[in-house]
Amino acid sequence: EGMNGMGGMGGMGGMPDMGGFAGGGGGHQQQRQQRPRQQQQQQQQQRQKPESTAPISKDDPSGVALLGKGKFPDSKSKHPWLILFYNKGDYDDKDPTTHKYISYAKQISEGVLKKAKNNKNAMIFKVGAVDCGGSDAAMRFCDNKLSKQGQVDLPAFATVLNGSASPITDTAVLGTPKKLHDHTTDALLNMEGLIININ
């Protein structure tokens with residue numbers, strides 16, 4: 001007849017977080033207290049590392065290509081590039097500029113890829129990233145690509161047109177992904193011999 005004072009449920013102690021019901025439950029109270037803490041920790045971790053600032057990976061969903069000495073655009077490349085030169089160690093150390101620039105690279109790549117209807121070969125320009133901190137050879141490679149314009153600190157963006165890297169040093173351009181995108185597009189339009197396929 002009815003539930004006779006909730007019977008074996010121990011005053012709702014065995015129910016999921018119903019908010020405000022305290023009571024027995026025979027061992028469920030400790031479990032109930034741990035779950036919210038675990039959920040809070042997971043939520044904090046997700047907030048701390050949104051996808052757009054996750055490290056750049058091989059086959060990154062944003063379309064950003066990992067580049068390096070063995071794979072770097074040259075004068076025979078079909079596409080112009082916007083390339084982020086960075087040190088993954090600075091990313092791991094939570095350097096805010098490195099995190100911001102990784103986010104910019106991913107946002108720009110996603111936007112350009114979306115305009116190209118997810119066809120990487122139809123992108124007006126491609127976005128890549130080079131980890132300059134993996135070894136002394138990687139750092140020398142980055143210095144060689146960027147130092148033609150003088151000393152450039154990492155992280156740094158550069159346009160690569162016809163195999164030549166031009167670091168972007170204008171702080172106004174580096175202020176937002178849109179300004180960086182527009183700068184890269186303007187650099188393309190000023191490139192001699194450029195053929196743009198407009199469908």
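Sequence positions, counted from 1, serve as the residue numbers for this chain. What you are looking at is a predicted structure, and each value in this text was computed from that prediction instead of being measured.
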Ignoring hydrogens and geometry, is there a side-chain-to-backbone donor-acceptor pair from [X] to [Y] under 3.5 Å?
{"X": "D131", "Y": "K88", "value": "yes"}
{"X": "S164", "Y": "L161", "value": "no"}
{"X": "Y104", "Y": "H181", "value": "no"}

(Q) I'd like to know if the side chain of S62 pairs up with that of D60 as donor and acceptor (distance under 3.5 Å, no hydrogens or angles considered). (A)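 Short answer, yes.
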
What I'd like to find out is whether the side chain of [X] reaches to under 4.5 Å of the side chain of [Y], using heavy atoms alone.
{"X": "F72", "Y": "F141", "answer": "yes"}
{"X": "L67", "Y": "P73", "answer": "yes"}
{"X": "K145", "Y": "F85", "answer": "yes"}
{"X": "P155", "Y": "D95", "answer": "yes"}
{"X": "K106", "Y": "V127", "answer": "no"}
{"X": "V130", "Y": "I83", "answer": "yes"}
{"X": "T184", "Y": "W81", "answer": "no"}
{"X": "L174", "Y": "I168", "answer": "yes"}

Q. If you draw a 6.0 Å radius around CG in D93, do more than 12 non-hydrogen atoms from other residues or ligands fall strictly inside?
A.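 Yes, because the 6.0 Å sphere around CG of D93 holds more than 12 heavy atoms from other groups.
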
Q) How are the rings of F157 and Y101 set to each other: parallel, tilted or perpendicular (split at 30° and 60°)? A)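 Geometry flag for Y101 against F157: tilted rings.
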
Q | Pair H99 and Y91, ring centroids less than 6.0 Å apart | A |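 Centroid separation for H99 and Y91: below 6.0 Å.
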
Q: Could you walk me through whether V160 and D74 pass side-chain contact (heavy atoms from CB on, under 4.5 Å), step by step?
A: CA-CA 8 Å; V160 178; D74 59 18; over 6 Å; no

(Q) Run L82 and I108 through side-chain contact (heavy atoms from CB on, under 4.5 Å) and show every step you take. (A) CA-CA 9 Å; L82 172 65; I108 293 166; 3.9 Å; yes

Q: Of all the heavy-atom pairs spanning S57 and L66, show the shortest one and how long it is.
A: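 Heavy-atom minimum between the residues: C-CD1, 3.6 Å.
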
